[in-house]
A.B. asks: 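First the structure, which I've put down as structure tokens, then a few questions once you've had a look.
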Amino acid sequence: MAKFYHSVMLEKDKCKGCINCIKRCPTEAIRVQDGKARIMAERCIDCGECIRVCPYHAKKAIYNPLSVMENYKYPIALVEPSMYGQFNNLEETDVVAAALKEIGFAAVYDIARAAELVSEATRLLLAEGKLKKPVISSACPAIARLIRVRFPGLIGNVLPLVPPMELAARLAKRQALAQGVSAADVGCILLTPCPAKATAQRMPIGYAHSEIDAAVAIKKIYPAMLGVMRAGTSSELAQAGRIGFGWGENGGEAAGLISTDAYLAADGMENIVRVLEDLEDAKYQDLEFVELSACAGGCVGGVLQVENPYIAKAKLKKLRRYMPVSLNHLQGAVPTAMMWEENLEYAPVMELGKTRQESFEKYEELERIMHELPELDCGSCGAPTCAAFAEDIVRGNAEMNDCTVLMRDRMEAVLKAIGHDKKKD
Amino acid sequence: MADIHLEYVVPEDDFTRAGEASADLKARLKKLGLSSEAIRKVSISLYEGEINLAIHAKGGRISVDVAPDNVHMCLRDDGPGIPDVALAMREGYSTAPDEVRSLGFGAGMGLPNMKKYADEFEIESTVGVGTTVCMRVFV
């Protein structure tokens, strides 16, 4: 397998070479070179911020087409809790399930069911007291990847549990097999709110292989569903409760812990970067749990959703209103299968050199270059800031002449020297 | 290979800017390939120092020297000085005014945390003259 797989991609033809995306990327992973944006694979965390801000829709997420379900005799739809916030007047979750079956899915499995198990497992692990506090949720794959490249000091705080979507795939498959379906016929298809989860299906964090077989964007399946959704088709009650469906928005996971109110929930990239900086400096000593969502509002705010995230939250709240607290429970201790198989590893993409000595040498050069740069952070060179540009130079990926401001100054100096001074003209 | 020398000024009248020096230093250290544990120790101890300068000393000056095997930080101020250094070093002892306590500061853990997170810690204080704290973290 390739070293990096990313759902977030550039459509070169549409890219105008503006600087919107380079300014918003939380890992400074994008440069504009030769008039086109370029994403650095080793830095990209698939958060989708660039998709959100690109005015030309040149950034896109790669996911499977809906027709991927034809590859399986028994396709199962994995439904995110946040997806229920996309529809108007939804009174029962079963209406969504009925529509998905109408489209061609053999079965529908609510990720909210698995989320309740993850909530319970988290409660048990917190009570055991063996985890490094504050425990940081690993449910948002973009956060785990952000910590891996930017916050090495917090790697040990990330919750080592398989996320709800993965657990849901495993449980859904088990259920299908128990009903006599052949393993070869089953395909779990995630209806994804974001590129980060589409990437996690191909390159999971914490476990080697995902049981999710494909990912389809919610915004792609949405129009197909609207045509076949019928009020009153509901025959079954939801198989998860308020805790499970609460995971659809930021704060839901933390609230589902019940056992503690020493938690923090933050959403939106800029906010969570500030929280992570402060956590790294041990500024909040008494926190037990930290829930971070890359998207504003939580998963309802994913770039592959349809509805305004805040309206989706209001709709989810209404749907949850008369639900029981929780319907899914573990039998005793946390099963080993729910724990991560492998630790999160630091990806030192921000370091200047391969060795400390090389890093120190490059740092000196960096300082010299910074001295010459205008520090306007205009982005005309294609890097998000003058500091990032200086780093690109010492890494050998850019040269001083790429700075248009310096170039202009030099041009003026030359013109003046040969007697074409502006003031004279 | 020369050491990296950095200077910061913690302004006298803007408490909300305290913490900027430690954030800046942390970002620089991450580029240098130091261990995350070392970076954590440096940024926590410097952060506590900055807050102290802002609360007790009406600002001050910080100088930092980064060498390949250690980070040395000195915080100097012309503040009121500490009459009883041993008492000030005790966990929970605080003379912070109410307005900073309401922000969650002033728990009496500043100096103790600096000593805890730094590998070497020295403090010199003269009443009416000022205080100097020097810390070293091996990396």
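For the numbers below, each heavy atom of this structure counts, side chains included, while hydrogens, waters and symmetry mates do not. Here is the naming used below: chain letters follow the sequence lines, and residue numbers restart at 1 for every chain.
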A.B. asks: Need one label for B:Leu34: side chain, backbone, both or neither, based on atoms under 4.5 Å from any heavy atom in chain A.
C.D. replies: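 Both backbone and side chain of B:Leu34 come within 4.5 Å of chain A.
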
A.B. asks: Using non-hydrogen atoms and a 4.5 Å limit, figure out which bit of B:Ile51 sits close to chain A: side chain, backbone, both or neither.
C.D. replies: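 Interface part for B:Ile51: neither.
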
A.B. asks: Step through the shown structure and confirm whether more than 12 heavy atoms of other residues, nucleotides or ligands are within 6.0 Å of CD on A:Glu342.
C.D. replies: yes

A.B. asks: Answer yes or no on whether A:Lys283 is positioned over the face of B:Tyr47, meaning its NZ or CZ is under 6.0 Å from the six-membered ring centre and within 45° of the axis.
C.D. replies: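 Yes, a cation-pi geometry.
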
A.B. asks: Please classify the contact of A:Ile155 with chain B as side chain, backbone, both or neither, using a heavy-atom distance under 4.5 Å.
C.D. replies: neither

A.B. asks: Between B:Glu12 and B:Lys58, is the closest basic N to carboxylate O distance under 4.0 Å?
C.D. replies: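 A salt bridge is absent here (no side-chain N lies under 4.0 Å from a carboxylate O).
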
A.B. asks: What heavy-atom pair brings A:Ala294 and A:Ile272 nearest, and what distance separates the two atoms?
C.D. replies: CA-CD1, 3.9 Å

A.B. asks: Any chance the side chains of B:Thr132 and B:Glu124 put a donor and an acceptor closer than 3.5 Å?
C.D. replies: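 B:Thr132 vs B:Glu124: no donor-acceptor pair found between side chains.
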
A.B. asks: Please flag which part of B:Ala27 lies under 4.5 Å from any non-hydrogen atom of chain A: side chain, backbone, both or neither.
C.D. replies: neither

A.B. asks: Against chain A, label B:Ser35 side chain, backbone, both or neither, depending on which of its atoms sit under 4.5 Å from a heavy atom there.
C.D. replies: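 The answer is the backbone of B:Ser35.
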
A.B. asks: Indicate, with yes or no, whether the SG-to-SG separation of B:Cys74 and B:Cys134 is under 2.5 Å.
C.D. replies: yes

A.B. asks: Heavy-atom pairs under 4.5 Å with chain B: which of A:Arg150, A:Glu280, A:Glu277 has the most?
C.D. replies: A:Glu280

A.B. asks: Quick one: what part of B:Lys41 sits under 4.5 Å from any heavy atom of chain A, side chain, backbone, both or neither?
C.D. replies: neither

A.B. asks: What part of B:Val42 lies closer than 4.5 angstrom to a heavy atom of chain A: side chain, backbone, both or neither?
C.D. replies: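 For B:Val42, there is no contact with chain A at all, as no heavy atom is under 4.5 Å.
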
A.B. asks: I'd like to check A:Thr27 versus A:Cys44 (side-chain heavy atoms, cut-off strictly below 4.5 Å). Are they in contact?
C.D. replies: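 In short, these two side chains do not touch, never coming nearer than 4.5 Å.
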
A.B. asks: Can you tell me how far OH of A:Tyr363 sits from CD1 of B:Ile4, rounded to the nearest 0.5 angstrom?
C.D. replies: 5.0 Å

A.B. asks: Please identify, among B:Glu48, B:Lys30, B:Arg40, the residue contributing the most non-hydrogen atom pairs under 4.5 Å to chain A.
C.D. replies: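 Option with the greatest count: B:Lys30.
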
A.B. asks: Side chain, backbone, both or neither: which part of B:Leu32 has a non-hydrogen atom closer than 4.5 Å to chain A?
C.D. replies: both

A.B. asks: Highest number of heavy-atom pairs under 4.5 Å with chain B: which of A:Thr355, A:Leu154, A:Leu352?
C.D. replies: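 Ranked by heavy-atom pairs under 4.5 Å with chain B, first place is A:Leu352.
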
